[in-house]
Structures are given as structure tokens and as C-alpha cells.
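Read through the structure below, which is laid out as C-alpha cells, and then see the notes.
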Amino acid sequence: MGHPQLLLPLCASVSLLGGLTFGYELAVVSGALLPLQLDFGLSCLEQELLVGSLLLGALLASLVGGIFIDQYGRKQAILGSNLVLLAGSLSLGLAGSLAWLVLGRLVAGFAISLSSMACCIYVSELVGPRQRGVLVSLYEAGITLGILLSYALNYALAGAPGGWRHMFGWAAAPALLQSLSLFCLPAGTTKAAANKDLIPLQGGEATKLGLERPRYSLLDLFRARDNMRGRTVVGLGLVIFQQLTGQPNVLCYASTIFHSVGFRGGSSAVLASVGLGAVKVVATLAAMGLVDRAGRRALLLAGCALMALSVSGIGLVSFAAPMDSGPSCLAMPNATRSGLPGDPSLPRGITPLPLPTTSENQGKPVLSTSKKIKLHPRAGNPTGPPLRMALITASPAPHPAPEHALLHWTALVCMMVFVSAFSFGFGPVTWLVLSEIYPMEIRGRAFAFCNSFNWACNLLVSLSFLDLIGTIGLSWTFLLYGLTAVLSLGFIYSFVPETKGLSFAEIDQQFQRRRSCFPGVVSVFLQQSFI
């Protein structure tokens with residue numbers, strides 16, 4: 001800690017490696033699921049339980065993790081979550097039964113959720129206004145890189161004996177590297193000021209020693225004191241609208257859209273995962289370069305506008321050129337150890353993303369169930385691809401008619417625009433704003449509270465997806481998501497302030513001035529609902 005010039009790259013490594021761990025753990029199940037089916041003969045329900053257990057652990061962390069973050073500090077919370085993740089990885093790597101697998105996923109979900117909250121807060125507090133946007137957004141870039149890394153390792157280890165154990169075990173590697181970086185950083189802003197380590201980084205924003213700080217309870221989030229109620233409106237609105245735009249569910253049909261424009265068999269699955277992942281990386285890097293120049297509001301508004309147009313475009317295209325709307329979970333009740341991915345003896349069409357099928361498998365019928373299964377949502381930062389994709393496969397669609405080819409390519413372009421818009425808007429900026437708008441004394445609990453609504457809305461939107469399609473159809477479902485994006489555009493314009501280049505004290509003063517600006521009906525609703 002005696003070299004201030006090293007602190008900025010150390011903070012960047014903490015943010016990047018934290019996101020890398022999150023993204024890897026989020027997506028690794030997509031490649032591990034098929035070998036697990038072969039080893040344990042998992043049914044659809046058991047597959048759902050295995051995938052969804054990560055969500056349960058993450059939701060639990062969002063409910064109690066804020067207390068740990070505020071009471072024991074951000075750095076200790078990250079180090080503790082890395083130890084918990086190590087325990088979860090060991091449980092998964094050494095598992096001999098479904099119960100141990102579920103327990104490992106539950107523990108891993110708790111760890112990555114706690115770490116994600118603590119990382120964003122920790123990095124935002126250590127650096128000054130000029131670096132905060134870039135470094136917190138770097139966490140989002142790490143998530144996408146972690147997802148791509150998991151796909152690469154899944155592909156490399158697909159044919160190895162016990163390869164799924166190595167897939168789960170490698171999740172501990174970036175967490176251990178992150179812990180090494182943390183040991184070279186101070187515990188927080190107060191200690192940084194005492195050691196005079198981060199003054200060059202913070203630009204005079206370090207906490208003043210001896211200054212008496214106010215105390216907050218969780219109920220203060222819904223009171224008029226310091227306009228905490230207005231801050232809660234902003235935080236909850238961002239996380240709720242982020243999920244109601246349907247980003248995870250729209251991505252479920254990425255493989256179908258790629259298939260419709262002529263990419264057949266395994267190639268459509270690979271492009272849907274790796275191709276869109278690459279688009280997300282590029283868009284997130286663009287957001288990192290713009291977030292401290294254009295500002296948070298500008299990226300959110302532009303992202304929501306493009307999301308509304310692109311997802312509505314997919315809906316309109318599907319009216320004229322219908323796409324398959326029946327994802328299903330493919331059970332393998334009699335799976336044996338007789339084959340590995342790529343083995344022609346495997347049931348056709350079962351390959352989970354992003355592993356390609358063999359040439360013998362492409363375009364052939366798949367096993368199906370008579371009942372569509374509701375699938376758990378992806379467990380994590382809303383910007384990663386849905387874990388649901390590990391459990392579903394799109395039914396092979398016929399080759400597109402010539403008159404529909406242009407429409408299908410239009411849908412593909414709209415999908416790319418939608419993914420890009422989310423990745424430079426809602427994806428990184430939501431969590432950046434949440435790490436800025438609350439006072440330091442309650443920041444951990446407030447962040448965790450909003451994060452719990454994020455998980456709850458993710459679950460609600462995902463579990464209602466198939467019922468919504470069955471009731472109003474795929475096209476109207478996409479158009480409904482477009483309408484939600486328009487509503488979120490109005491919310492951001494009316495409620496979300498610009499925090500670009502502002503210190504935490506200046507952001508606090510801005511909310512104090514905005515106290516009377518929030519509509520009375522919103523304030524009355526929050527007060528009556530929570531107090």
C-alpha cells in the first residue's frame with residue numbers, strides 16, 4: 001500500500017476478476033449439464049433444480065448480504081465470499097450425488113451474489129469521480145468475458161473424463177487472483193485516508209477522520225430523511241425495469257433467430273452464445289469509454305430507446321415470418337455413460353450451448369416432452385445470458401422461404417441491436433448508479449435491498465414467460481417488452497439524476513435538492529407500503 005501508482009490497476013483487477021468469477025459461474029452449467037445428465041441420469045425437474053439452486057443462493061445473499069457488507073466492510077465481504085465460493089467449487093468438483101451438486105450451486109450462488117454487491121461498492125468508494133464509471137463498468141465487462149471463458153473451457157473439456165468437475169473447479173481461479181489483489185488494497189475509504197494511499201485516486205473524496213457520521217436503519221430507505229425515499233424510487237425503478245424489459249427471455253430465442261437465417265444445427269447454437277457474447281463485450285467496452293463522458297443518463301436513455309425499437313422490431317417481424325415459440329426441456333431419464341459430447345450414440349439435439357452437434361445430428365428430430373416446462377431464470381447480474389438456455393433447445397425450423405429471408409435477417413439485426421443496447425445501458429449503468437446514490441453508512445444494505453428485487457423480478461418474469469406466450473403469442477410478448485422499455489425511458493427521464501463527475505457529497509446534495517421534485521403519489525405509496 002506504499003505505492004499509490006499501483007492502486008488504480010489493483011482496483012481495476014479487483015473489478016475485472018470479480019466480474020470474471022461471476023460470469024464464469026453463471027454460464028458454466030451450460031456445458032456441464034450434458035455430462036451431468038450422462039453421469040446422474042437427470043430428469044427435467046432435476047435439471048431445473050440444479051440450474052435454479054444458484055438463483056436461490058443468490059437471492060438469499062441479496063437478503064442478508066447487505067448487513068455483512070455494512071457491518072464488516074466491503075473488503076472483508078469480498079474475501080469472505082471468495083472463501084465461500086471455494087467451498088462451493090470443492091463441493092461441485094467432488095460431488096457424487098445430485099444433493100451435493102445442488103448444495104454446491106447454492107453456496108456458489110450465495111458467494112457470487114455477495115461478491116457482486118461488495119465489489120461494485122468497494123471500487124466505487126476507493127476511486128474518485130473521474131475513474132468511478134470506468135472501473136465499476138469494468139465489472140460488467142468481466143462478467144461477459146467470464147461467460148465467454150466458460151464456453152471455451154466447456155468446449156475444451158467436453159470430451160475429457162470427469163470434465164464437468166474441472167469446469168466447476170476452475171471457477172475458484174479468478175476468485176483466488178482477486179483475493180491476492182485485495183491484500184494489497186486498504187479496507188475502505190477511512191483507512192485509505194489514514195494511510196494517505198488513495199488521495200491521488202479519490203481527488204480529495206476520502207472520508208475525513210473524526211467526522212461524526214449519521215446512522216441509518218433499513219426503514220430509513222422509505223422515509224423523507226435525506227430524501228432516502230427518492231433514492232429508493234430510483235434504485236428500485238432501475239432494477240425492476242431492467243428485468244421487465246425481458247432481456248433474458250428475448251435471448252432465449254437467439255438460437256432460433258440464427259437458425260432462421262440459415263445457420264443450421266450446432267452452428268446456430270454456437271453463434272447465439274459466442275457471437276452474442278462477443279457483441280456484449282464490444283458494447284460494454286463502449287459503455288466504459290462513454291460512461292464518464294456522455295454520462296449515466298445519456299447511456300440509459302439511449303439504451304432504452306434502442307431496446308424499445310429493436311425488441312418491437314423482432315415482434316413485428318415475427319408477425320410476418322413466424323418463428324418457433326416452443327422451447328422445451330429435454331429429459332434423459334435413461335442416460336448412461338456410453339457416450340460423450342459428439343458421440344453419435346447420444347440422443348440427437350441434446351447438446352447444451354455452446355457445444356456443437358456432430359454432422360450426423362444436425363437437422364435431425366429431437367426428443368421432446370409433451371409438456372412445456374417453466375424454467376428458472378439465470379442467476380446473476382442481468383447482463384449475462386440466461387442459464388435457461390442450458391435447459392432448452394429450439395425445435396428445428398424449416399429452411400426460410402425466399403420471401404421471408406429478408407425479414408429473418410432483420411430480426412437478427414434487431415437482436416444484435418437489442419443485446420448491444422442493454423450492454424451499454426441497463427447492464428453496466430444500473431449497478432454503477434446504485435453504488436453512487438446512497439450514503440456510505442447504508443450503501444451495502446440499500447444495494448442488497450434493491451438487488452433482492454432484481455432477483456425477485458427476474459424470477460417472476462422468467463416463470464411467466466411461457467404462460468405469456470401461450471396467452472398472447474410470441475409477437476405480442478415481444479411488443480409488450482417494447483412497451484415496457486418505453487415506460488422505462490419515461491422513468492429514467494423523470495427520476496434518474498446525472499451523477500457523472502460528481503463526488504459522493506455532491507450526489508448527496510443533489511438528492512437533497514431534489515426532495516420536493518418527486519411526485520407526491522410515489523412518496524405516499526412508498527410510505528404506506530413500508531412504514
Side-chain angles (χ1 to χ4, degrees), residues 48 239-261 268 272 276 303-329 353 368-369 371-378 382-395 397 400 404 407-423 425-427 454-491:
E48 287 189 289
V239 297
I240 290 173
F241 276 115
Q242 182 189 54
Q243 294 300 325
L244 293 183
T245 53
Q247 189 255 1
N249 293 339
V250 172
L251 284 182
C252 282
Y253 284 88
S255 182
T256 300
I257 292 175
F258 274 91
H259 190 90
S260 69
V261 297
S268 64
L276 289 179
C304 284
L306 287 175
M307 287 175 68
L309 292 173
S310 57
V311 77
S312 298
I314 297 174
L316 293 174
V317 166
S318 63
F319 273 121
M323 292 178 289
D324 174 52
S325 60
S328 61
C329 173
L353 295 179
S368 62
T369 55
K371 179 181 178 181
K372 293 178 182 177
I373 305 296
K374 293 181 182 179
L375 303 170
H376 290 284
R378 61 181 176 86
T383 59
L387 289 182
R388 181 187 308 104
M389 294 176 74
L391 298 181
I392 67 173
T393 184
S395 300
H404 290 165
L407 292 175
H408 287 154
W409 280 102
T410 302
L412 177 59
V413 171
C414 288
M415 175 69 73
M416 294 292 191
V417 172
F418 183 85
V419 169
S420 300
F422 185 90
S423 297
F426 266 136
N454 172 66
W455 290 106
C457 289
N458 192 315
L459 179 62
L460 175 65
V461 170
S462 298
L463 290 181
S464 63
F465 186 45
L466 294 182
D467 282 338
L468 194 60
I469 290 176
T471 303
I472 64 176
L474 182 64
S475 299
W476 284 108
T477 299
F478 284 157
L479 291 175
L480 181 62
Y481 290 150
L483 176 61
T484 305
V486 172
L487 294 177
S488 67
L489 194 65
F491 171 82

Go through L468 and L480 one step at a time and tell me if the side chain to side chain contact (heavy atoms under 4.5 Å, CB included) criterion holds. CA-CA 10 Å; L468 194 60; L480 181 62; 4.0 Å; yes
Could you list the residues that satisfy side chain to side chain contact (heavy atoms under 4.5 Å, CB included) with C304, not counting sequence neighbours? F426, S488, L489, I492
Smallest separation among heavy atoms of A421 and L306, with atom names: CB-CB, 3.6 Å
If you take all heavy atoms of Q243 and N454, which pair is closest and at what distance? NE2-OD1, 2.7 Å
From I240 atom CD1 to N458 atom CG, the distance as rounded to the nearest 0.5 Å: 12.5 Å
Distance, nearest 0.5 Å, that separates OG of S423 from CZ of F418: 9.5 Å
Among pairs that include at least one residue of residues 469-481, which meet side chain to side chain donor-acceptor pair (under 3.5 Å), considering only residues two or more places apart or in two chains? N249-Y481, S318-S475
Test item: T484 and V311 side chains (from C-beta on) under 4.5 Å apart, heavy atoms: no
Kindly write out the residues that satisfy ring-ring contact (aromatic ring centres under 6.0 Å, His included) with F491, not counting sequence neighbours, or none if the list is empty. F241, F495
Side chains of M415 and L276 in contact at under 4.5 Å (non-hydrogen atoms): yes
Drop me the distance from C414's SG to I314's CD1, to the nearest 0.5 angstrom. 5.5 Å
For S312 against G482, the heavy-atom pair lying closest together: OG-CA, 3.6 Å
To check you understand the geometry: which heavy-atom pair defines the closest contact between F319 and L479, and what is its length? CE1-CD1, 3.6 Å
